[in-house]
Amino acid sequence: MKDIKRTKIKELLNTDTFNREVNIKGWVRTKRGNKKIAFIAVNDGSTIHHIQVVAEKEMFNEDLMRDITTGSCISVNGLLVESMGKGQTVEIQAQEIELYGSADPQVYPLQKKGHTLEFLREIAHLRPRTNTFGAVLRIRHAMSYAIHKFFNDSGFYYLHSPIITGSDAEGAGAMFRVTTLDMQNPPKAKDGSIDYTQDFFGKETNLTVSGQLEAELGALALSEVYTFGPTFRAENSNTPRHLAEFWMIEPEMAFYDIHDDMDLAEDFLQYLMKYALENCKDDLEFLNKMYDESLIERIRFIVDNEFQRIDYTTAIDVLKQSGQKFEFPVEWGTDLQSEHERYLVEQHYERPVIITNYPKSIKAFYMKQNDDGKTVRAMDVLFPKIGEIIGGSQREENLERLKSWVNELNIPEKDIWWYLDTRKFGTAPHSGFGLGFERLILFMTGMSNIRDVIPFPRTPKNAEF
RNA sequence: UCCUCAGUAGCUCAGUUGGUUAGAGCAUCUGACUGUUAAUCAGAGGGUCGUUGGUUCGAGUCCAACCUGGGGAGCCA
């Protein structure tokens, strides 16, 4: 086969210089045609669109043509021409075709018809080859890049918080144990308990449930930092919104109060939405057409409209006066339920809502306490369809107040002495928040199950692939 | 974890008050067609009815347990 440098399909579909020899490589989506001519739709993942390869059958080996089936991988040399047919503007008049790998049609599970998302989950190793997952994965990439770009351009530093942690001080959820001990026969201490001093790290260790505490350490030196890494929760959560392994973005900023924090969260989300509209147009249009006809409109709405900011106490009043029947009662001091959040966002304000000043009793120990003694400077950003997308707060920078709350919760000071040290030495007002990356992608793609926005989902009873 | 719905051909589904040989569309295979767009047309092959146990003369259909999946809730991001 003639040695021609490969061009990506995305580039060829956007070109206007024709009648030149090109090479493309990719996977066959469909083959149509008759005895004389074959039309082969090829996709290489560079774009959601396929390029049409036209092959005069008499020019090619019969076995080769037979083996080019849905799912096979080919390399094609040919002339890039304007298409004679309708439905596409350019196509490749094939001169040489090499079959890299066939895909036996009797057993290849992807057909050229639609599949359910449930079925595709069972073949997650092959589903990136579908239009839907190509689109989702490209958007996922674009959002990752946009996140780094936003923070970099805003003067933030990317801080790598540890994945293995020796503390569970935040109590954000059940953790996955990390150990090299022999589980059949673990070493025992005198009192019969497992002797973790003999474990790899000499203490109990787990996978991280949050990089926030470490991010605070970074912020109190570099001023503005963010983390972006995997996070692990061993909760037995079986919902379309939870994963055991997910990715989280956690910016942490010195000298930011709760209002600066909210400003950043709003700017950040609007930036990402705008980035997607500008850079993922084809994929968004596909998803808009196939899954969610209001997807693009909804993203645009976020970009164009200010978020509603209200106090927790106001939210309770609004809910009480709504006249709505809720399954769970609305009471000051209790956390808002999904149904309450949905009412506020989707019916009452009809836009993203940021709720602040939550009761102390339902929030975490590191949040800054207000002078009323009852509330803390927490803020949750609630989005339509998916609920809480961001949770954050101004942090308690006063050592004594922080210590007293830590003691109330019986968290041993020896476990978080290093965290308390930041308040002891050169403490500073600071704030931060956490964004669940997959929840963002859920919103950006119109997918409705979080297992469809991560390549290989980890959920209770499932770690396949 | 709780509530609820579902599991029948490779995929999506139908299958009546329990009753002869379990059906359809798509996919696959064979044939037809000079440019197709999830091509079209004709024909063919394809089943341990999720698993185990029970009721019955007889179970895809009824009962129980379990497994797997969807939706809702809780926990949360």
Side-chain angles (χ1 to χ4, degrees), chain A residues 29-41 49-58 66 69-71 81 83-89 91 93 103-123 130-131 170-174 208-212 230-250 290 326-328 335-342 362-364 380-383 386-392 433-443 448-454 459-462 464:
Chain A
R29 289 299 178 76
T30 69
K31 187 178 71 173
R32 299 177 289 269
N34 52 49
K35 218 164 211 168
K36 295 255 173 78
I37 191 166
F39 302 96
I40 308 163
H49 302 297
H50 315 145
I51 199 162
Q52 174 159 283
V53 172
V54 184
E56 306 280 347
K57 280 190 174 169
E58 60 182 8
R66 197 194 53 230
T69 56
T70 299
V81 295
S83 179
M84 301 156 66
K86 286 175 182 165
Q88 62 281 319
T89 52
E91 64 189 22
Q93 208 72 48
D104 184 351
Q106 302 279 5
V107 288
Y108 184 63
L110 287 172
Q111 301 167 2
K112 51 186 170 188
K113 61 167 220 161
H115 286 107
T116 59
L117 294 168
E118 290 81 12
F119 173 67
L120 292 175
R121 252 169 247 156
E122 293 169 16
I123 50 167
T130 62
N131 291 333
E170 199 194 339
T208 183
V209 292
S210 165
Q212 183 200 312
T231 311
F232 307 88
R233 304 268 169 97
E235 302 286 358
N236 191 11
S237 296
N238 293 289
T239 85
R241 297 178 307 282
H242 291 86
L243 292 165
E245 177 183 285
F246 63 101
W247 289 66
M248 194 152 64
I249 297 105
E250 294 176 294
M290 301 299 288
F326 294 114
E327 191 187 337
F328 293 87
D335 214 350
L336 298 177
Q337 303 291 319
S338 298
E339 56 175 344
H340 304 146
E341 295 179 350
R342 262 202 304 275
I362 58 170
K363 288 294 180 182
D380 285 359
V381 181
L382 310 180
F383 256 38
I386 54 171
E388 184 186 332
I389 191 169
I390 277 179
F433 62 79
L435 167 73
F437 186 55
E438 283 74 19
R439 296 229 175 131
L440 172 77
I441 304 302
L442 224 38
F443 185 83
S448 48
N449 192 312
I450 203 163
R451 296 160 200 207
D452 298 329
V453 297
I454 188 167
T459 53
K461 301 274 183 295
N462 178 26
E464 192 72 42

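Here is how names work: the chains are called A, B, and so on, in the same order as the sequence lines, proteins then strands, and each is numbered from 1.
- Following rounding to the nearest Å, A:Tyr108 (OH) and B:rC11 (P) show an atom-to-atom distance of 15 Å.
- Here A:Met84 lies in heavy-atom contact (under 4.0 Å) with a base.
- Comparing A:Glu388 and A:Gln106 against RNA chain B, the residue whose closest nucleotide sits nearer the 5' end is A:Gln106.
- A:Phe246 is not listed as a side-chain neighbour of A:Ile454, based on a closest heavy-atom distance of 4.5 Å or more.
- The base of B:rC76 sits within donor-acceptor range of the side chain of A:His242, with an N or O pair under 3.5 Å.
- With hydrogens and angles ignored, a donor-acceptor pair under 3.5 angstrom links the side chain of A:Glu91 to the base of B:rG35.
- Using C1' as the reference atom, B:rU12 and B:rA38 are 14 Å apart when rounded to the nearest Å.
- Distances shown here put a side-chain N or O of A:Asn449 below 4.0 Å from the OP1 or OP2 atom of B:rG71.
- Atoms CD (A:Glu122) and P (B:rC67) sit 18 Å apart, rounded to a whole Å.
- Pairing partner, B:rU52: B:rA64, with both Watson-Crick or wobble hydrogen-bond distances short of 3.5 Å.
- A:Leu243 comes within 4.0 angstrom of a nucleotide base, judged by non-hydrogen atoms across all strands.
- Across the P atoms, B:rU40 and B:rC26 are found 8 Å apart, a figure rounded to whole Å.
- When the nucleotides B:rU12, B:rG35, B:rG71 are ranked by their closest atom to the side chain of A:Val54, B:rG35 comes out on top.
- Rounded to a whole Å, the NZ atom of A:Lys57 is 11 Å from the P atom of B:rA32.
- Annotation: B:rG47 and B:rA6 have their P atoms spaced 27 Å apart (nearest Å).
- Among the protein residues, A:Gly33 comes within range of the nucleic acid bases, having at least one heavy atom under 4.0 Å from a base atom.
- Within the 4.5 Å cutoff, the side chain of A:Asp380 has heavy atoms near those of the A:Lys363 side chain.
- Within 4.0 Å (heavy atoms only), A:Thr231 reaches no atom of the nucleic acid at all.
- Looking at A:Ser237, its side chain has no donor and acceptor atom pair within 3.5 Å of the base of B:rC76.
- Remark: the A:Asn238 side chain and the B:rU1 base include a donor-acceptor N/O pair separated by less than 3.5 Å.
- Contact of the A:Phe232 side chain with the A:Val209 side chain is not registered, since no non-hydrogen atoms from C-beta on lie closer than 4.5 Å.
- At the heavy-atom level, A:Thr116 lies under 4.0 Å from the strands shown only through sugar-phosphate atoms.
- Evaluated for a side-chain contact (heavy atoms from CB on, under 4.5 Å) with A:Arg121, the options A:Thr459, A:Thr116, A:Asn462, A:Asp452 yield exactly one hit, A:Asp452.
- A:Gln337 has its CD atom 10 Å from the P atom of B:rC76, to the nearest Å.
- For A:Ser83, counting side-chain heavy atoms from C-beta on, the closest listed nucleotide (B:rG35, B:rA39, B:rG69) is B:rG35.
- When the side-chain nitrogen and oxygen atoms of A:Arg32 are compared with OP1 and OP2 of B:rU36, none of them lie within a distance under 4.0 Å.
- For B:rG19 and B:rC41, the C1' atoms lie 39 Å apart once the distance is rounded to whole Å.
- Among the atoms of the strands shown, base atoms are found under 4.0 Å from some heavy atom of A:Gly114.
- Residue A:Gln111 has its side chain nearest to B:rC11 when only B:rG69, B:rC11, B:rC75 are considered.
- Using a 4.0 Å heavy-atom criterion, one finds that A:Gln52 contacts the bases of the nucleic acid, with or without backbone contacts as well.
- A:Arg121 has a side-chain polar atom (N or O) that falls below the 4.0 Å cut-off from OP1 or OP2 of B:rG70.
- Taking the P atoms as reference points, B:rG10 lies 13 Å from B:rU51, given to the whole Å.
- A:Leu440 is listed as a side-chain neighbour of A:Ile389, based on a closest heavy-atom distance under 4.5 Å.
- For the pair A:Ile37 CD1 and B:rU36 C1', the computed distance is 8 Å after rounding to whole Å.
- The nucleotide B:rC2 finds its pairing partner in B:rG72, both defining distances of the Watson-Crick or G-U wobble pair being shorter than 3.5 Å.
- If you measure from atom CG of A:Leu120 to atom P of B:rG70, you get 13 Å, rounded to the nearest angstrom.
- Using a 4.0 Å heavy-atom distance criterion, A:Phe39 is classed as a base contact.
- Look at B:rC33: it lacks any Watson-Crick or wobble partner with both distances under 3.5 angstrom.
- Spacing between B:rG71 and B:rG54 at atom P, rounded to whole Å, works out to 35 Å.
- The distance between atom CZ of A:Arg241 and atom C1' of B:rG74, rounded to the nearest whole Å, is 10 Å.
- Within the nucleic acid shown, A:Pro105 comes within 4.0 Å of sugar-phosphate atoms alone, with no base atom in reach, counting heavy atoms only.
- Note: A:Ile362 CD1 to A:Leu336 CG = 7.0 Å, rounded to the nearest 0.5 Å.
- With B:rU37, B:rA73, B:rA32 as the choices, the nucleotide that has an atom nearest any side-chain atom of A:Arg342 turns out to be B:rA73.
- In this structure the side chain of A:Glu235 never reaches within 4.5 angstrom of the side chain of A:His242, judged on heavy atoms.
- Taking only side-chain nitrogens and oxygens, A:Thr30 never comes nearer than 4.0 Å to OP1 or OP2 of B:rU37.
- Each of A:Lys86 and A:Gly391 has a nearest nucleotide on RNA chain B; the 5'-most of these lies closest to A:Lys86.
- B:rA44 is paired with B:rU28 under the Watson-Crick or G-U wobble criterion, all donor-acceptor distances under 3.5 Å.
- Side-chain N/O atoms of A:Lys36 include none lying less than 4.0 angstrom from OP1 or OP2 on B:rG35.
- Distance CG (A:Leu336) to C1' (B:rA73): 16 Å, rounded to an integer number of Å.
- Nucleotides B:rU61 and B:rA22, compared at atom P, are 15 Å apart to the nearest Å.
- At B:rG69, none of the side-chain N or O atoms of A:Arg451 fall inside 4.0 Å of OP1 or OP2 (strictly under the cut-off).
- Phosphate contact (OP1/OP2 of B:rA39, side-chain N/O of A:Lys112, threshold under 4.0 Å): present.
- Contact of A:Gln88 with B:rU36 (side chain to base): a donor-acceptor pair of N or O atoms is detected under 3.5 Å.
- Straight-line distance between the C1' atoms of B:rC5 and B:rC13: roughly 16 Å, to the nearest whole Å.
- Between A:Val81 and A:Glu91 the shortest side-chain heavy-atom distance falls below 4.5 Å.
- Using a 4.0 Å cut-off, no side-chain N or O of A:Asn236 falls inside it from OP1 or OP2 of B:rC75.
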